[in-house]
Asks: 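Okay, handing you the structure first.
Quick caveat, the model's predicted, so the values are computed rather than measured. Below, read A as the first sequence line, B as the second, and so on, with proteins coming before strands; counting in each chain starts at 1.
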Amino acid sequence: MSAVFKREFRAFFTSPLGYVVLAALGFFAGLFFYLINIVGFSSDLSYVFSNMFAFILIVLPLVTMRLFSEEKRQKTDQALLTSPVSLTGIVLGKYFAALLVYALSLLEMIVFAMIVAFQVTPDWTVFLGNCIGILLIGGFIISIGLLISSLTESQLIAAIGTLGISFMLLLMDSVAYQFSRIKVLTTVINFLSVSQRYSSFTSGVIAYDDIIYFVSMQALMLFLTVRVLDRKRWG
Amino acid sequence: MIEVQNLTKRYGNHVAVDNISFKVNEGEILGFLGPNGAGKTTTMNILTGYLSASSGIAKINDIDVLEQPSLAKMNIGYMPEQPPLYLDMTVREYLDFMYDLKKCKLPRREHIAEICKLVKIENVYGRLIKNLSKGYRQRVGLAQALIGKPPVLILDEPTVGLDPKQILEIRALIKSLGKQHTVILSSHILQEIEAVCDRIIIINKGVLVADGKTSELAVKHSADRRLIVRVAGGHDEVINLLKRIPGVDKVTSHGEKEPGVYEFAIEPSHGCDVRRDVSTRIAARNWPIMEMKSMEMTLEEVFIALTRERLDTVRAKKGVH
């Protein structure tokens with residue numbers, strides 16, 4: 001796993017992709033921080049987090065699109081799949097590499113929190129909740145992206161597919177609203193709803209069931225990715 | 001060392017590999033010969049665990065590839081038809097990555113340096129793979145397969161796309177590797193397999209059609225050689241003359257190739273050498289022989305000669321034609 005992780009992480013920074021991701025997310029986070037907290041005289045970073053969310057949704061599919069589709073196109077998957085590393089090891093290596101790149105782009109938030117802390121004491125629980133929430137939801141999108149990427153040889157399809165499914169998951173509440181008459185469906189959708197669970201993090205509520213929800217959804221996506229790779233051998 | 005039993009791979013209705021069985025002994029260089037699409041790559045992909053078989057058993061060192069894939073893969077160095085290279089890495093980074101990926105325990109720098117020396121890529125060690133020529137990429141692919149000194153090497157068309165000098169070098173290298181490794185090598189070039197391998201397996205359309213020592217198969221196919229002659233003489237007279245020579249099976253005319261010069265293909269009966277007779281009899285009529293050459297059998301013809309019988313018996317057993 002560590003070999004795949006190291007290679008994958010390095011690959012982000014041997015191409016411009018890693019830098020572009022860091023620069024884009026860094027720029028927008030800085031912009032929102034300036035507009036909301038500096039100009040707007042606010043000590044609450046939650047708005048920066050919630051505004052960043054839309055950008056994360058667009059940028060993360062670009063981070064994950066290449067992970068498996070490029071391997072297949074260049075036939076380098078033959079090296080991975082004929083090596084003594086398990087499929088789970090390969091999938092986890094790639095997942096953690098993408099997650100680390102994503103986490104690096106969020107480090108800036110800590111700097112912002114410190115700037116705020118010079119003036120007033122920020123609400124650290126809300127800040128922590130936001131950090132955990134954005135990491136979990138980002139990890140969820142990364143795991144979706146990994147799955148989609150394993151299904152196609154085209155990076156473009158992988159990116160658009162991931163974007164579409166992520167948006168769909170976030171818009172689930174409004175879908176549920178349309179079916180508000182069917183009680184069972186509403187309950188199911190509310191249980192699965194990503195945005196409701198995420199919004200509880202942004203208000204500083206760190207609930208176990210939300211964490212378990214995000215972690216298990218990611219585990220499910222990674223498991224499905226392993227199954228997709230395994231099934232290919234039986235093609 | 002390598003054992004394959006009743007291996008079959010189906011893609012829907014298409015049978016890519018059809019009930020193949022063979023064994024490879026330690027230290028042997030086995031050649032896999034067959035036209036494109038014969039099932040060579042599929043068989044190799046199953047042996048290396050990249051694909052799964054529909055049925056049958058593949059064992060490396062008595063380890064079942066399907067049951068203990070990680071353990072079996074430790075014993076194999078695989079060079080696919082298109083070397084699995086990450087173009088954005090340098091040769092050094094790539095070999096380091098493969099070293100980690102294969103969980104190699106040998107001393108890292110010495111081992112990699114030794115391999116680089118063996119396949120002669122020391123001078124491109126620090127360059128990006130993207131910028132390497134086809135020949136060098138092929139060698140990096142071979143270097144990757146050698147990492148960890150695997151007892152079994154599986155090389156899928158290792159000389160495709162190389163220039164003649166590189167082909168000879170790689171062949172010599174593979175031959176020397178055969179002293180320490182058990183090698184399976186695939187190719188659709190007969191001469192290549194003959195030059196390198198101890199034993200040849202011929203597959204066609206997924207069916208194993210011949211399996212034998214290189215020397216045996218070589219004798220068989222070189223015995224029937226077609227003769228091409230160009231004679232400056234009357235077309236019909238020459239044909240009549242040639243047909244009367246003992247040992248000549250069939251004469252076909254290729255028509256007038258130069259003004260007044262006709263070309264004929266002579267097929268001798270099995271095991272007959274008719275060159276002397278052809279030459280003296282034509283000379284006796286005072287027709288100048290402009291050209292005379294033996295035609296090596298093409299791969300397709302070797303297949304027909306070697307395998308028609310076998311393929312028929314295999315098919316007859318199954319009741320298909």
Side-chain angles (χ1 to χ4, degrees), chain A residues 1-21 63 65-94 96-98 101 149-150 153 155 226-235, chain B residues 9-12 14 16 41-42 44-54 60 63 65-66 68-90 93-104 128-130 140-141 144-145 147-148 150 154 156:
Chain A
M1 185 186 114
S2 66
V4 177
F5 170 78
K6 263 196 281 181
R7 198 211 79 77
E8 210 56 63
F9 183 70
R10 201 184 288 171
F12 277 112
F13 297 99
T14 50
S15 73
L17 184 64
Y19 298 102
V20 170
V21 167
V63 173
M65 64 179 182
R66 173 185 67 76
L67 289 174
F68 277 108
S69 51
E70 187 67 2
E71 299 264 2
K72 219 180 316 161
R73 217 170 56 82
Q74 301 280 0
K75 308 234 174 176
T76 43
D77 60 333
Q78 286 197 314
L80 293 183
L81 298 179
T82 57
S83 73
V85 177
S86 67
L87 290 176
T88 315
I90 295 169
V91 171
L92 285 181
K94 285 178 179 281
F96 283 121
V101 171
S149 176
S150 72
E153 279 184 40
Q155 297 192 19
V226 172
R227 298 320 303 161
V228 167
L229 294 179
D230 195 35
R231 195 208 54 169
K232 273 208 186 94
R233 300 195 304 154
W234 298 91
Chain B
K9 177 74 180 175
R10 280 186 213 91
Y11 293 104
H14 174 68
T41 301
T42 309
M44 290 182 149
N45 277 338
I46 294 172
L47 275 174
T48 53
Y50 181 65
L51 288 176
S52 296
S54 306
I60 306 282
I63 305 162
V65 177
L66 198 66
Q68 291 171 287
S70 293
L71 204 57
K73 287 169 185 174
M74 295 276 244
N75 287 299
I76 305 174
Y78 182 35
M79 179 185 171
E81 199 170 348
Q82 186 184 335
L85 305 174
Y86 291 97
L87 302 181
D88 56 356
M89 292 175 117
T90 64
E93 285 167 349
Y94 175 67
L95 293 179
D96 271 348
F97 165 64
M98 289 309 292
Y99 178 96
D100 291 334
L101 194 67
K102 294 186 173 196
K103 301 175 180 170
C104 181
L128 278 177
I129 295 177
K130 186 159 45 177
V140 177
Q144 158 281 124
I147 286 178
I154 296 184
D156 195 355

Asks: Side chain, backbone, both or neither: which part of A:Thr82 has a non-hydrogen atom closer than 4.5 Å to chain B?
Replies: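 For A:Thr82, heavy atoms of backbone and side chain both lie under 4.5 Å from chain B.
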
Asks: Is it the backbone or the side chain of B:Ala145 that comes under 4.5 Å from a heavy atom of chain A, or both, or neither?
Replies: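 Contact with chain A involves no heavy atom of B:Ala145 at all.
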
Asks: A:Ile90 versus chain B, heavy atoms under 4.5 Å apart: side chain, backbone, both or neither?
Replies: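 Looking at A:Ile90, nothing touches chain B.
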
Asks: Indicate yes or no: does A:Glu153 engage A:Lys72 in a salt bridge with an N to O separation below 4.0 Å.
Replies: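 Salt bridge flag = no for A:Lys72 with A:Glu153.
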
Asks: Taking side chain as everything from C-beta outward and backbone as N, CA, C, O, which of these in B:Leu66 sits under 4.5 Å from a heavy atom of chain A? Side chain, backbone, both or neither.
Replies: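 Side chain only.
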
Asks: Answer with side chain, backbone, both or neither: which region of B:Tyr50 has an atom nearer than 4.5 Å to a non-hydrogen atom of chain A?
Replies: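 Looking at B:Tyr50, backbone and side chain both touch chain A.
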
Asks: Quick one, B:Ile76 and B:Leu47 - any side-chain contact, counting heavy atoms below 4.5 Å?
Replies: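 They are not in contact (no side-chain heavy atoms under 4.5 Å apart), so the answer is no.
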
Asks: Quick one: side-chain contact (heavy atoms from CB on, under 4.5 Å) partners of A:Ser15, sequence neighbours excluded?
Replies: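 Only A:Leu17 meet the side-chain contact (heavy atoms from CB on, under 4.5 Å) criterion with A:Ser15.
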
Asks: Non-hydrogen atoms of chain B under 4.5 Å away: do they reach the side chain of A:Asp77, the backbone, both or neither?
Replies: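 Contact with chain B is through both the backbone and side chain of A:Asp77.
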
Asks: Ignoring hydrogens and angles, tell me if any N or O in the side chain of B:Lys103 forms a donor-acceptor pair with the backbone of A:Pro84 under 3.5 Å.
Replies: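 Here the side-chain-to-backbone pair exists.
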
Asks: Where on B:Leu85 is there a heavy atom nearer than 4.5 Å to chain A: the side chain, the backbone, both, or neither?
Replies: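 Answer is backbone: N, CA, C or O of B:Leu85 sit under 4.5 Å from chain A.
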
Asks: Check each atom of B:Asn45 against the heavy atoms of chain A and say whether the ones under 4.5 Å are side chain, backbone, both or neither.
Replies: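 When you check distances to chain A, only side chain atoms of B:Asn45 fall under 4.5 Å.
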
Asks: Can you tell if the side chain of A:Phe68 reaches within under 4.5 Å of the side chain of A:Leu229, non-hydrogen atoms only?
Replies: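 Touching, per the 4.5 Å side-chain cut-off.
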
Asks: Do A:Arg227 and A:Asp230 come close enough that some side-chain heavy atom pair is under 4.5 Å?
Replies: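 Yes, close enough: below the 4.5 Å cut-off.
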
Asks: Is A:Glu71 close to chain B through its backbone or its side chain, or both, or neither, when contacts mean heavy atoms under 4.5 Å?
Replies: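 Just its side chain gets close to chain B.
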
Asks: Do B:Gln68 and B:Met74 pass the side-chain contact (heavy atoms from CB on, under 4.5 Å) test, and can you show the C-alpha distance, the side-chain angles, and the key distance before you say yes or no?
Replies: CA-CA 10 Å; B:Gln68 291 171 287; B:Met74 295 276 244; over 6 Å; no

Asks: Counting heavy-atom pairs under 4.5 Å with chain A, which one of B:Met98, B:Met89, B:Glu81, B:Met79 comes out on top?
Replies: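 Most heavy-atom pairs within the cutoff with chain A belong to B:Met89.
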
Asks: Parallel, tilted or perpendicular: which fits the ring planes of B:Phe97 and B:Tyr94, with parallel below 30° and perpendicular above 60°?
Replies: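 Rings of B:Phe97 and B:Tyr94: tilted, 30 to 60°.
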
Asks: Taking side chain as everything from C-beta outward and backbone as N, CA, C, O, which of these in B:Pro69 sits under 4.5 Å from a heavy atom of chain A? Side chain, backbone, both or neither.
Replies: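 B:Pro69 has no heavy atom closer than 4.5 Å to chain A.
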
